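Source: prediction; values computed, not measured.
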Amino acid sequence: MAASIVPVNPYTHEKLGEYPLLSATELSDRTARAGKAFVSWRGLPIGKRAALLSEALSYFETHREQVATDITAHMGKPITQARREIDTFFERANHLIAVAEETLKPEILPSPAGQYRAIEHEPLGVVLVISAWNYPLVISVNGVISALLTGNTVLLKHSSITPIIGDHFARAFGNLGGLENILQSFVADHTVTAGIIENPGVDHVIFTGSVRGGHEIYRSAARRFIDCNLELGGKDGAYVAEDADVKSAAESLVDGAMYNAGQSCCGIERVYVHEKVYPEFLKHAEALCRAYVLGDPMEATTNLGPLADPASAHEMERQVGEALRRGALLLCGGETTLMGKAVFFPPTLLADVPQEAEIMKLENFGPLLPVSSVPGDEPALRRVNDSAYGLTCAIYTRDEKRAQAFARGAETGTVFMNRCDYLDPALPWTGVKDSGKGSALSRYGMLALTRRKALNFRLA
């Protein structure tokens with residue numbers, strides 16, 4: 001068994017350091033330290049915790065370009081998109097900090113004379129955050145900031161592709177207000193991580209990853225009756241109605257499918273277009289797909305980088321081939337592109353894709369856009385809901401009532417109108433079906449990291 005992990009730049013194949021894997025004993029020791037830190041950290045007023053976290057964010061401003069470069073080097077995201085991820089990081093963190101005091105203040109209930117009734121929101125203890133590589137900053141910040149604001153301490157296990165981002169979080173949030181071990185970053189294998197979830201020192205788990213991984217996390221958590229938040233990806237569908245601004249819809253949906261080389265949990269993975277505007281949509285979408293620039297992700301002109309996991313190209317080629325055998329039409333892309341040692345998958349657009357095709361059913365992490373035509377709103381909604389996943393969906397229309405009706409029937413945690421692939425930090429990020437359980441972001445993400453304590457006092 002490997003004693004360490006060695007991340008590799010997906011474009012140059014340069015080795016990017018070496019990270020020792022913690023043993024079960026070492027991780028247990030870190031968990032104990034987090035538990036001791038929790039006693040002091042939870043004792044600080046909410047306003048003080050918020051102020052300390054605001055100060056800690058300055059680390060990412062000071063090291064902005066280094067963090068962006070590390071993201072690009074480790075997972076291949078174009079540097080312009082990596083810089084944008086830092087902007088999103090601040091947007092989410094600052095919003096959560098701004099609403100923390102109002103969200104977490106005790107709820108005072110009307111009470112008869114001589115009585116006092118209130119509901120307090122107490123922190124849980126040590127929160128284990130298991131983060132993913134595709135958005136290494138903003139996925140981590142969803143759980144880390146909410147956990148720390150609510151008075152919990154954090155153990156952060158980042159992906160083996162992007163462990164350096166865990167280092168940045170530890171430098172920023174590890175020691176706050178003279179207190180140590182508020183956040184600790186670590187690298188460990190699956191067996192050790194599963195074991196620590198069953199350790200009495202861990203009180204909650206936040207996981208972003210695969211459905212299979214979610215099942216494993218849930219099984220480990222269930223052995224101790226602790227809860228977890230699971231964000232497990234999606235197969236997000238979109239509908240372009242007959243009254244949509246078709247050109248604008250194509251621009252939004254192609255970007256939603258291709259951004260970050262399609263390596264997004266909430267990226268668009270299938271589109272249903274009303275038959276009256278179907279040819280126009282395909283024309284715009286194909287032109288947009290063909291305009292992407294593949295290349296060195298450190299170049300400002302590159303807007304589609306190499307795959308972080310080269311092996312995923314084989315699955316994408318397989319899904320494209322299966323769709324073609326079922327009668328789909330390939331308009332562009334569809335085959336792996338090699339540039340030196342780097343593996344790319346070009347923007348791929350397929351038309352007339354049957355609903356039964358695997359590319360309409362199975363999640364893929366790449367720049368694929370399968371499209372089919374539909375005769376109206378109800379058939380489109382049925383096809384959008386015809387999925388084991390339920391993270392987001394989108395409708396493109398000029399009619400808000402049509403969008404409201406679509407949203408009422410949609411089996412997803414988020415419904416977009418005339419946009420996609422965006423997390424508003426004021427709104428809960430919720431998955432249904434195989435997209436997971438629980439909510440991140442917003443006041444609800446914070447409240448999920450607390451337990452309710454009822455105060456029922458007789459004063460006289």
Quick one: side chains of residues 416-423, donor-acceptor pairs under 3.5 Å with protein atoms, not counting sequence neighbours, listed by atom name and distance.
unit_1: Asn418; atom_1: OD1; unit_2: Thr397; atom_2: N; d: 3.0
unit_1: Asn418; atom_1: ND2; unit_2: Thr397; atom_2: O; d: 2.9
unit_1: Asp421; atom_1: OD1; unit_2: Ser264; atom_2: OG; d: 3.4
unit_1: Tyr422; atom_1: OH; unit_2: Glu91; atom_2: OE2; d: 2.8

Using a strict 4.0 Å threshold on nitrogen-to-oxygen distance, state whether Glu65 and Arg83 make a salt bridge. yes

Pairing residues for Glu280 by the side chain to side chain contact (heavy atoms under 4.5 Å, CB included) criterion, not counting sequence neighbours: Val246, His284

Applying side chain to side chain contact (heavy atoms under 4.5 Å, CB included) to Lys361 and not counting sequence neighbours gives Gln355, Asp386

Ring centroids only, cut at 6.0 angstrom: are Tyr444 and Trp429 within range, meaning strictly under it? no

Counting heavy atoms not belonging to Tyr218, are there more than 12 under 6.0 Å from its OH? no

Could you give me the CA-CA distance, side-chain angles and deciding distance for Tyr259 and Arg84, then say whether side chain to side chain donor-acceptor pair (under 3.5 Å) is met? CA-CA 12 Å; Tyr259 193 85; Arg84 206 171 304 152; 3.3 Å; yes

After noting the C-alpha distance and the side-chain angles of Glu315 and Gln319, does the key distance pass the side chain to side chain donor-acceptor pair (under 3.5 Å) rule? CA-CA 6 Å; Glu315 174 63 11; Gln319 287 190 17; 3.0 Å; yes

Please check if any side-chain donor atom of Ser140 sits under 3.5 Å from a side-chain acceptor atom of His158, or the reverse. yes

Decide ring-ring contact (aromatic ring centres under 6.0 Å, His included) for Phe60 and Phe89; before the verdict, give the C-alpha distance in whole Å, the side-chain angles of both, and the deciding distance to 0.1 Å. CA-CA 9 Å; Phe60 290 93; Phe89 165 88; 4.5 Å; yes

Please name all residues satisfying side chain to side chain contact (heavy atoms under 4.5 Å, CB included) with Thr72, sequence neighbours left out, ordered by chain then number. Ile79, Ala82, Pro297, Met298

Residue pairs involving residues 328-347 (criterion side-chain hydrogen bond (donor to acceptor under 3.5 Å, both in side chains); sequence neighbours excluded): Glu317-Thr336

Look at atom CZ of Arg212 and say whether more than 12 heavy atoms of other residues, nucleotides or ligands are closer to it than 6.0 Å. no

Residues Asp245, Tyr396; criterion side chain to side chain donor-acceptor pair (under 3.5 Å); working and verdict: CA-CA 8 Å; Asp245 180 334; Tyr396 289 76; over 6 Å; no

For residues Val129 and Leu155, determine if any side-chain heavy atom of one lies less than 4.5 Å from a side-chain heavy atom of the other. no

Stepwise salt bridge (charged side-chain N to carboxylate O under 4.0 Å, His left out) test for Asp70 and Lys77: CA-CA 10 Å; Asp70 285 341; Lys77 181 175 294 183; over 6 Å; no

Salt-bridge contact Glu411-Lys433 (side-chain N to carboxylate O under 4.0 Å): yes

NZ (Lys247) with more than 12 external heavy atoms under 6.0 Å: no

Stepwise salt bridge (charged side-chain N to carboxylate O under 4.0 Å, His left out) test for Glu102 and Arg443: CA-CA 9 Å; Glu102 180 65 24; Arg443 63 189 303 271; over 6 Å; no

Assess the pair His63 and Tyr59: is the distance between their ring centroids shorter than 6.0 Å? yes

Report yes or no: do Tyr272 and Ser373 form a side-chain donor-acceptor pair below 3.5 Å? no

Does anything in residues 254-272 pair up under salt bridge (charged side-chain N to carboxylate O under 4.0 Å, His left out), and if so which pairs, sequence neighbours excluded? Lys235-Glu269

The test is side chain to side chain donor-acceptor pair (under 3.5 Å); show your working for Thr392 and Thr414 and say whether it passes. CA-CA 5 Å; Thr392 84; Thr414 296; over 6 Å; no

Does the side chain of Val371 reach to within under 4.5 Å of the side chain of Val273, using non-hydrogen atoms? yes

Just wondering, more than 12 heavy atoms not from Glu378 lying within 6.0 Å of its CD? no

